[in-house]
Structure formats: C-alpha cells, structure tokens
Amino acid sequence: MPGENRKNRPVTTTETSLEILEIVKRNDGVTLSDLNRELDVARSTIHRHLLTLEDNDLLVREDGGYGLGLRFLDFGMRSRERIEFYDIARDQVDRLAEDTGEKVWLVAKEGDYSVHLYKAHGANPLETSARVGQYRHLHQLAAGKAILAHLPDDELEGIIERQGLPEKTENTVVDMDDLTEELNTIRERGCAFNLGESIAGLNAVGAPLRTEDGYPIGALSISGPANRVKGDLLREQLLDKLLAAIDEIQIHLRYSSTD
C-alpha cells in the first residue's frame with residue numbers, strides 16, 4: 001500500500017528490492033520462481049537482489065522459500081519509539097481495553113495512511129486480521145475518519161486525490177459528498193463511527209489525538225462485534241470512556257512538551 005500512486009519516478013535498484021520485500025511480506029515462503037512470475041525483472045537480477053537482502057539479514061531462507069528477517073523487528077520497534085505519544089497512549093489503551101472488555105487500537109497518521117501502532121484486548125475481543133504495523137486507508141476506519149476530519153482542507157483533498165476512496169466492504173463510504181458530510185458531523189461531535197466499513201460485522205468508535213494547534217497526529221478506537229457493540233453502548237458508554245482516555249493523553253502530552 002505505501003508507495004502506490006507515485007508517478008514520474010524511474011524504476012531503480014532500490015525499488016526492485018522493495019517490490020521483492022513487499023511480495024515476501026504478503027506471502028512467506030516465496031521462491032525465486034514465484035518472484036520471476038510476478039516481477040517484470042530478469043531472473044538473474046532477482047537472484048542478485050535476494051542474495052543481497054539475505055546477506056543483510058532482511059530475508060531468511062526457509063523451507064525452500066524466503067521470509068522476512070527479524071532485523072525488520074528492530075527497525076519497526078525503533079520506528080515506533082520515535083512516535084511522541086506512543087508511550088503515553090499505550091498505558092491508556094491498556095486501561096481502556098480492561099475497562100471496556102473490547103479491543104482498543106492506537107494508530108498514527110503517516111503520509112496518506114493510518115498505521116496500527118499498538119492494540120490491547122479486553123475480556124471479549126473480536127479477533128480480526130488487523131495487525132500492528134499495518135497500513136490502512138483512513139476513510140475505512142473510525143480512527144482514520146477522526147483524523148481526516150481534522151486535517152487542513154488541502155491535505156485532505158490531496159489524500160483523496162492520490163488514494164481515492166477504495167471500498168473495503170459494502171458499507172465503506174466511497175462517495176466524496178457523503179464523506180464530506182460525515183467529516184463535518186465528526187468535527188461537531190468529536191468522534192467517528194465505523195459501522196461495518198472496514199470489516200463486515202465490526203463496529204467501532206474513534207477519536208483523534210491532536211497537537212496544540214489542532215493537527216491530528218493519531219487516534220484511538222474501540223471496536224467489537226456489531227451484534228454487541230451498538231446503540232447506547234457504542235454511542236454513549238464506549239464513547240464517553242474513549243473521550244476520557246483521549247483527554248488524559250492530551251494532558252500528558254501538553255505537560256511533557258513543556259518539561
């Protein structure tokens with residue numbers, strides 16, 4: 001997903017390596033033959049890339065194919081640590097999950113996307129395919145829509161122009177007029193709802209984390225199965241707990257920035 005829709009850039013050696021890594025990320029156990037079928041690159045060139053990536057511990061050979069090396073874990077952990085609000089928000093995410101019994105996500109905005117930074121499970125979480133480190137389109141998520149609603153107009157328009165409004169489920173908002181109306185409502189009430197828009201049967205409420213000047217740098221969301229997380233539970237009880245957690249994080253961020 002990252003790197004899509006970028007135009008006017010020549011294909012470089014680095015980009016070929018990145019394409020290989022993306023394919024391996026999606027399909028552990030990928031072989032040279034698999035890559036040769038998928039990439040418009042000579043087999044010998046792919047082989048040289050594989051050897052270089054393996055020599056640098058970015059790929060490991062296993063069961064006749066390739067998987068991502070654990071060196072990426074080091075990169076990922078260090079990348080997450082640079083996020084100013086991560087340590088502060090993580091404690092609130094843990095408490096919120098324990099208090100609500102649902103799954104709670106902390107996300108960051110990076111470029112045109114939402115990135116899952118951290119999750120905590122309550123007693124009754126709904127298991128999904130979402131994972132830490134995953135990039136998602138902002139308009140498909142409660143947390144993502146909460147971020148979109150507080151972006152400057154030119155940045156919002158740029159994201160939509162580059163990424164469009166791809167459909168994830170039949171409930172995903174894919175019309176710009178509908179999205180604009182919803183973002184206006186989100187600004188007024190301070191939160192966003194996801195009613196089966198990212199995963200069928202999953203509901204969520206999200207709210208943004210913002211800098212002192214109002215720019216959205218991330219968000220929190222609480223999610224659960226639609227047959228349970230609905231009505232007053234979703235729109236009042238969980239929302240109240242979510243906004244209280246957001247306020248706590250914002251206060252800590254404000255004081256930490258003045259230390």
Side-chain angles (χ1 to χ4, degrees), residues 1 85 89-90 92-110 113-151 159 165-174 178-179 181-210 216-250:
M1 185 179 292
F85 57 82
R90 181 177 58 180
Q92 287 293 329
V93 169
D94 289 337
R95 281 195 284 269
L96 200 52
E98 183 177 0
D99 189 24
T100 63
E102 306 296 348
K103 183 179 292 183
V104 182
W105 276 105
L106 169 67
V107 308
K109 176 190 176 295
E110 186 165 87
Y113 300 99
S114 164
V115 184
H116 290 348
L117 287 184
Y118 182 73
K119 69 176 176 180
H121 297 277
N124 305 300
L126 176 66
E127 291 300 329
T128 69
S129 59
R131 65 182 187 281
V132 172
Q134 189 172 21
Y135 280 67
R136 299 291 299 274
H137 289 286
L138 289 159
H139 73 288
Q140 297 173 353
L141 307 172
K145 288 190 291 185
I147 291 170
L148 284 176
H150 294 90
L151 289 176
I159 290 173
L165 296 173
E167 183 178 69
K168 187 67 174 177
T169 75
E170 62 180 14
N171 293 326
T172 307
V173 179
V174 295
D178 291 341
L179 180 63
E181 182 178 349
E182 184 171 358
L183 295 182
N184 289 334
T185 301
I186 291 167
R187 290 186 200 101
E188 293 173 2
R189 70 187 175 204
C191 70
F193 294 102
N194 168 1
L195 304 178
E197 297 160 53
S198 57
I199 297 174
L202 177 81
N203 285 349
V205 56
L209 294 169
R210 303 165 68 189
I217 51 178
L220 263 63
S221 69
I222 305 173
S223 61
N227 62 353
R228 183 176 73 236
V229 177
K230 59 183 179 179
D232 289 346
L233 175 61
L234 176 66
R235 296 184 179 275
E236 295 183 17
Q237 298 172 41
L238 293 182
L239 173 58
D240 287 346
K241 293 177 186 297
L242 176 65
L243 294 179
I246 290 285
D247 285 345
E248 286 278 341
I249 296 167
Q250 299 278 189

Could you report the tightest heavy-atom contact between [X] and [Y], atom names first, then the distance?
| X | Y | answer |
| --- | --- | --- |
| Leu151 | Pro216 | CD2-CG, 3.6 Å |
| Gly190 | Pro208 | O-CD, 3.9 Å |
| Ala108 | Phe85 | CB-CZ, 3.9 Å |
| Ile246 | Ala207 | CD1-O, 3.6 Å |
| Ala245 | Leu220 | CB-CD2, 4.4 Å |
| Ala192 | Ala146 | CB-N, 3.8 Å |

Is any side-chain heavy atom of [Y] closer than 4.5 Å to one of [X]?
| X | Y | value |
| --- | --- | --- |
| Glu98 | Asp94 | no |
| Val229 | Val205 | no |
| Gln140 | Pro166 | yes |
| Val93 | Lys119 | no |
| Pro225 | Lys230 | no |

Any chance you could measure [X], atom [atom1], to [Y], atom [atom2], to the nearest 0.5 Å?
| X | Y | atom1 | atom2 | value |
| --- | --- | --- | --- | --- |
| Arg210 | Ile217 | CZ | CD1 | 10.5 Å |
| Gln92 | Leu242 | CD | CG | 10.5 Å |
| Glu182 | Lys145 | CD | NZ | 3.5 Å |
| Glu248 | Gln250 | CD | CD | 11.0 Å |
| Leu195 | Leu234 | CG | CG | 6.5 Å |
| Ser221 | His116 | OG | NE2 | 7.5 Å |

Given the options Thr172, Ile159, Asp178, Leu179, Leu165 meets side-chain contact (heavy atoms from CB on, under 4.5 Å) only with Leu179
Out of Leu141, Val173, Asn203, which one pairs with Glu197 under the side-chain contact (heavy atoms from CB on, under 4.5 Å) rule? Val173
Donor-acceptor under 3.5 Å (Thr169 side chain, Ala200 main chain): no
Arg136 side chain to Ser114 backbone, donor-acceptor under 3.5 Å: no
Do other residues, nucleotides or ligands put more than 12 heavy atoms under 6.0 Å from Glu181 CD? no
Mark yes when over 12 heavy atoms from residues, nucleotides or ligands other than Gln134 sit less than 6.0 Å from its CD; otherwise mark no. yes
Can you tell me how the ring of Tyr113 sits relative to the ring of Tyr135, calling it parallel under 30°, perpendicular over 60° and tilted otherwise? perpendicular
